[in-house]
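For reference, the structure discussed in these notes is given below.
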Amino acid sequence: APEDAGPETEYAALPEEAPAGWSGMGRLLITFLVFIILSLVCYGVYRSSGPAPKPVPEPAAPAVINEPSVPEAKAPEKQPQKYAEGVFVSVKTFTWYPRTVIRIVVDDVVKYNQDTGPGACLEYTGKNYVKVYTDNGDHIQIRVNGRLEDSMGSPGKPVTKYYQVNTPETRPAE
């Protein structure tokens with residue numbers, strides 16, 4: 001007799017792998033999602049690891065000290081402002097002008113009186129005053145005790161400037 005072979009077992013067919021187009025797209029999609037998630041996690045860690053805000057210290061309460069009362073000292077009297085010990089004047093002619101007539105008088109003595117070429121620099125110090133004359137006010141630049149003067153004068157116009165000790169015009173440069 002033939003041996004009973006028992007019930008025949010049927011095995012379920014294994015599913016076939018996904019089509020080639022799907023597996024490539026699926027892998028790409030999963031890789032992209034993992035990249036996005038990792039990027040967000042790294043960004044969160046970066047933001048949270050920044051320097052912690054420093055606590056603001058509270059101002060200390062003023063100490064109260066019981067001292068014997070002392071009469072208040074008088075405020076020092078305001079001294080009149082002294083501008084300078086002398087007058088130092090620097091006269092420069094601009095390089096783009098061909099000539100300029102300049103006369104400089106220091107403490108009643110004529111120190112300079114002639115045509116001056118372009119780019120000249122003249123410097124004089126007076127104990128009491130320095131007087132500067134030019135035939136064309138916009139040809140020169142003047143410094144008094146280191147302070148640059150705004151303008152000597154108008155173009156083509158003669159002008160005389162007088163700088164005396166202890167006046168606001170002769171205060172030293174700050």
Start with the C-alpha gap between V130 and V105, add the side-chain angles, then the distance that decides, and say whether side chain to side chain contact (heavy atoms under 4.5 Å, CB included) holds. CA-CA 6 Å; V130 175; V105 178; over 6 Å; no
Mind running side chain to side chain contact (heavy atoms under 4.5 Å, CB included) on D115 and T100 for me, showing each step along the way? CA-CA 5 Å; D115 283 357; T100 303; over 6 Å; no
Kindly determine whether V144 and E149 satisfy side chain to side chain contact (heavy atoms under 4.5 Å, CB included), including the steps that lead there. CA-CA 7 Å; V144 179; E149 291 292 298; 4.0 Å; yes
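K111 is listed as a side-chain neighbour of V109, based on a closest heavy-atom distance under 4.5 Å. Looking only at side-chain heavy atoms (C-beta outward), K131 and T160 come within less than 4.5 Å of each other.
In this structure, the separation between OG1 on T116 and CZ on R103 is 11.5 Å, given to the nearest 0.5 Å. A distance of 12.5 Å separates CD1 of I102 from NZ of K92, quoted to the nearest 0.5 Å. Note: K161 NZ to I142 CD1 = 7.5 Å, rounded to the nearest 0.5 Å. I140 CD1 to S90 OG: the interatomic distance, rounded to the nearest 0.5 Å, is 10.0 Å. Distance check, rounded to the nearest 0.5 Å: CG of N145 to OH of Y163 gives 11.0 Å. Interatomic distance, T31 OG1 to I36 CD1, rounded to the nearest 0.5 Å: 12.0 Å.
Taken together through direct or relayed side-chain contacts under 4.5 Å among Ile, Leu, Val, Met, Phe, Trp and Tyr, L122 and Y133 form parts of separate hydrophobic clusters. Cluster membership for F35 and L40, using ILVMFWY side-chain heavy atoms within less than 4.5 angstrom, is shared.
Nearest heavy atoms, Q164 versus V87: C-CG2, 3.8 Å. The two residues T125 and F88 make their nearest non-hydrogen contact at OG1-CD1, 3.0 Å.
Judged by distance alone, with hydrogens and angles left aside, the side-chain atoms of D107 form a donor-acceptor pair with the main-chain N or O of Y129 at under 3.5 Å. At least one donor-acceptor pair under 3.5 Å links the side chain of T134 to the backbone N or O of V101.
Results of the side chain to side chain contact (heavy atoms under 4.5 Å, CB included) test with I104 over V91, V110, N113 single out V91 as the only residue that passes.
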